[in-house]
Trainee: 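This is the structure, below, for whatever I ask next.
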Amino acid sequence: IMHIGGSNFLSLELQDKNGYYLSKYPNVWGWATWKRAWTKMDSRLQMWEKFMWSDKYKILFPDFWERKYWEIISNAVKNGKANSWAYRWQFSIWENMGKSISPGVNLVENIGLSSGTHINTNVKGLRKKTENISLRTKLLNEKYTAMADDYVMRKIYRVSPLMDLAQLLYYLFK
């Protein structure tokens, strides 16, 4: 575990107030980490090319379109075409095969969402009310985790076989 997040972007019908899950996507709204994890931060993405061709990458992202999306984003960050500490942190977690604890419901209200530098505020599902979580939470199963990570990829990052061309072109030709 390298990251604990307070955000949950799942639709209400998919949320589970009785649990949390181990995600490959660290939500960075209301989060924490440890010194032992933060020291592994690869802020220059020096290991990106090696990781991109590794079996670890293919295991983490078995879907071709998902891999392609992260290749484009990570290359843009590495080459200075996109500037986001969150992508660098996310990559560092992946490269170290780390996980993020994500709550089964949203615990964070982002009051600064209307004017973020690196956020498309029109993405449906980002404006979430906070929910109460059970005091007796449990680790949700791998099936839930796979569903949650897939939902975040499709609905928040908006990756599909057609991809969001405008966003990708923006990062490629910025």
Side-chain angles (χ1 to χ4, degrees), residues 1-10 20-103 106-108 110 112-113 115-121 123 125-126 139-140 142 145-146 148-160 163-174:
I1 307 293
M2 293 179 68
H3 178 102
I4 298 174
S7 304
N8 180 307
F9 299 118
L10 303 179
Y20 61 93
Y21 63 100
L22 299 178
S23 178
K24 63 183 169 185
Y25 296 115
N27 294 320
V28 294
W29 293 351
W31 67 283
T33 191
W34 297 265
K35 181 180 178 181
R36 65 156 172 82
W38 191 250
T39 59
K40 296 179 181 189
M41 170 74 143
D42 181 0
S43 60
R44 295 185 187 165
L45 279 87
Q46 294 174 323
M47 299 300 294
W48 166 240
E49 282 88 6
K50 181 178 178 183
F51 179 72
M52 182 175 67
W53 297 108
S54 72
D55 288 338
K56 288 194 293 188
Y57 186 56
K58 291 176 185 153
I59 291 168
L60 192 60
F61 301 108
D63 180 76
F64 170 82
W65 293 108
E66 196 172 7
R67 279 196 313 274
K68 192 54 64 183
Y69 177 86
W70 290 116
E71 287 170 24
I72 291 168
I73 296 295
S74 298
N75 285 331
V77 171
K78 182 167 177 60
N79 296 324
K81 294 181 180 180
N83 182 16
S84 170
W85 69 268
Y87 286 139
R88 297 167 197 277
W89 175 233
Q90 185 168 274
F91 166 73
S92 300
I93 292 171
W94 294 341
E95 205 277 322
N96 289 283
M97 297 305 284
K99 293 287 184 187
S100 172
I101 295 176
S102 292
N106 188 48
L107 304 174
V108 175
N110 189 336
L113 186 58
S115 62
T117 303
H118 302 291
I119 188 80
N120 179 350
T121 58
V123 174
L126 290 184
L139 179 62
L140 299 168
E142 290 180 24
T145 297
D149 280 350
D150 182 63
Y151 181 93
V152 168
M153 196 67 224
R154 286 183 298 104
K155 299 293 185 179
I156 303 304
Y157 292 116
R158 297 187 338 239
V159 171
S160 68
M163 293 186 161
D164 185 319
L165 251 51
Q167 181 180 11
L168 294 174
L169 291 173
Y170 171 80
Y171 282 119
L172 286 172
F173 299 107
K174 180 178 174 185

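None of these values were measured; they are calculated from a predicted model. In this chain, residues are counted from 1 in sequence order.
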Trainee: Would you call F91 and M47 a side-chain contact if the rule is heavy atoms closer than 4.5 Å?
Mentor: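 Heavy-atom side-chain distance check passes, below 4.5 Å.
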Trainee: The test is side-chain contact (heavy atoms from CB on, under 4.5 Å); show your working for W34 and I4 and say whether it passes.
Mentor: CA-CA 9 Å; W34 297 265; I4 298 174; 3.6 Å; yes
Trainee: Could you tell me whether the side chain of N79 and the main chain of K81 form a donor-acceptor pair under 3.5 Å?
Mentor: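 Side chain of N79 to backbone of K81: no pair is present.
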Trainee: Can you tell me how far apart OH (Y69) and CE (M153) are? Round to the nearest 0.5 Å.
Mentor: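 Between atom OH of Y69 and atom CE of M153 there are 5.5 Å.
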Trainee: Roughly how far, to the nearest 0.5 Å, is CD of E49 from CE of M52?
Mentor: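 M52 atom CE to E49 atom CD measures 6.0 Å (nearest 0.5 Å).
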Trainee: Return the minimal non-hydrogen interatomic distance between S7 and P103, and the atom names on each side.
Mentor: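 So the minimum-distance heavy-atom pair works out to O-CD, 3.6 Å.
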Trainee: For R36, I'd like to know if atom CZ has over 12 heavy atoms of other residues, nucleotides or ligands within 6.0 Å.
Mentor: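 Counting other residues, nucleotides and ligands, CZ of R36 exceeds 12 neighbours.
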Trainee: Shortest non-hydrogen contact from V108 to G30?
Mentor: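 Smallest interatomic distance, heavy atoms only, reads CG2-CA, 3.9 Å.
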Trainee: Give the ring-plane orientation class for W89 versus W38, where under 30° counts as parallel, over 60° as perpendicular and anything between as tilted.
Mentor: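 Ring orientation, 0 to 90° scale: tilted.
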Trainee: Determine whether the side chains of D149 and S23 contain a donor N or O and an acceptor N or O closer than 3.5 Å.
Mentor: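 Yes, because at least one side-chain N or O of D149 sits under 3.5 Å from a partner of the opposite role on S23.
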Trainee: Can you see which heavy atom on K78 is nearest to which on L45, and at what distance?
Mentor: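 In this case the closest contact between K78 and L45 is NZ-O, 3.3 Å.
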Trainee: List the residues meeting ring-ring contact (aromatic ring centres under 6.0 Å, His included) with Y57, not counting sequence neighbours, and say none if there are none.
Mentor: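 So Y57 forms a ring-ring contact (aromatic ring centres under 6.0 Å, His included) with W48, F51, F61.
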Trainee: Okay, side chain of S102, backbone of Y21: is any donor-acceptor separation there less than 3.5 Å?
Mentor: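 Between the backbone of Y21 and the side chain of S102 there is no qualifying donor-acceptor contact (under 3.5 Å).
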Trainee: Hey, could you give me the OH/OG distance between Y87 and S74, rounded to the nearest 0.5 Å?
Mentor: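 That separation rounds to 9.0 Å.
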Trainee: Quick one: OG on S54 to CD on E95, what's the gap to the nearest 0.5 Å?
Mentor: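 Here the interatomic distance stands at 7.5 Å.
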Trainee: Restricting to salt bridge (Lys or Arg N to Asp or Glu O under 4.0 Å), what partner residues turn up for K58, sequence neighbours left out?
Mentor: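 Counting only residues at least two positions away or on another chain, K58 forms no salt bridge (Lys or Arg N to Asp or Glu O under 4.0 Å).
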Trainee: Checking K24 now: which residues fulfil salt bridge (Lys or Arg N to Asp or Glu O under 4.0 Å) with it, not counting sequence neighbours?
Mentor: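 Checked K24 against salt bridge (Lys or Arg N to Asp or Glu O under 4.0 Å); matches are E66.
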Trainee: Check T145 against L22 and note the closest heavy-atom contact, atom names and distance.
Mentor: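 For T145 and L22, the tightest heavy-atom pair comes out as CG2-O, 2.9 Å.
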Trainee: When rounded to the nearest 0.5 angstrom, what distance separates OH in Y151 from OH in Y25?
Mentor: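 Taking OH in Y151 and OH in Y25, the distance rounds to 14.5 Å.
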Trainee: Considering non-hydrogen atoms only, spot the tightest contact between M2 and I93 and give its length.
Mentor: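 Reported closest heavy-atom pair: SD-CA, 3.9 Å.
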Trainee: Could you tell me the separation between the NZ atom of K35 and the NZ atom of K40, rounded to the nearest 0.5 Å?
Mentor: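 Between K35 NZ and K40 NZ, I get 13.5 Å after rounding to 0.5 Å.
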Trainee: Angle between ring planes, H3 versus W31, binned at 30° and 60°: parallel, tilted or perpendicular?
Mentor: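 Parallel: the ring planes of H3 and W31 meet at under 30°.
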Trainee: Given the rule in the side-chain contact (heavy atoms from CB on, under 4.5 Å) test, do Y20 and L140 qualify, once you have shown the distances and angles that lead to the verdict?
Mentor: CA-CA 6 Å; Y20 61 93; L140 299 168; 5.8 Å; no
Trainee: So does P62 get a backbone contact from the side chain of R67, meaning a donor-acceptor N/O pair under 3.5 Å?
Mentor: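 A pair under 3.5 Å: yes.
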Trainee: Please answer whether the main-chain N or O of N106 pairs with a side-chain N or O of N8 as donor and acceptor at a distance below 3.5 Å.
Mentor: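 No.
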Trainee: Determine whether a donor-acceptor pair (N or O, by modelled atom type, separation under 3.5 Å) exists between the side chain of N96 and the backbone of S92.
Mentor: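 Side chain of N96 to backbone of S92, a donor-acceptor pair under 3.5 Å: yes, one is there.
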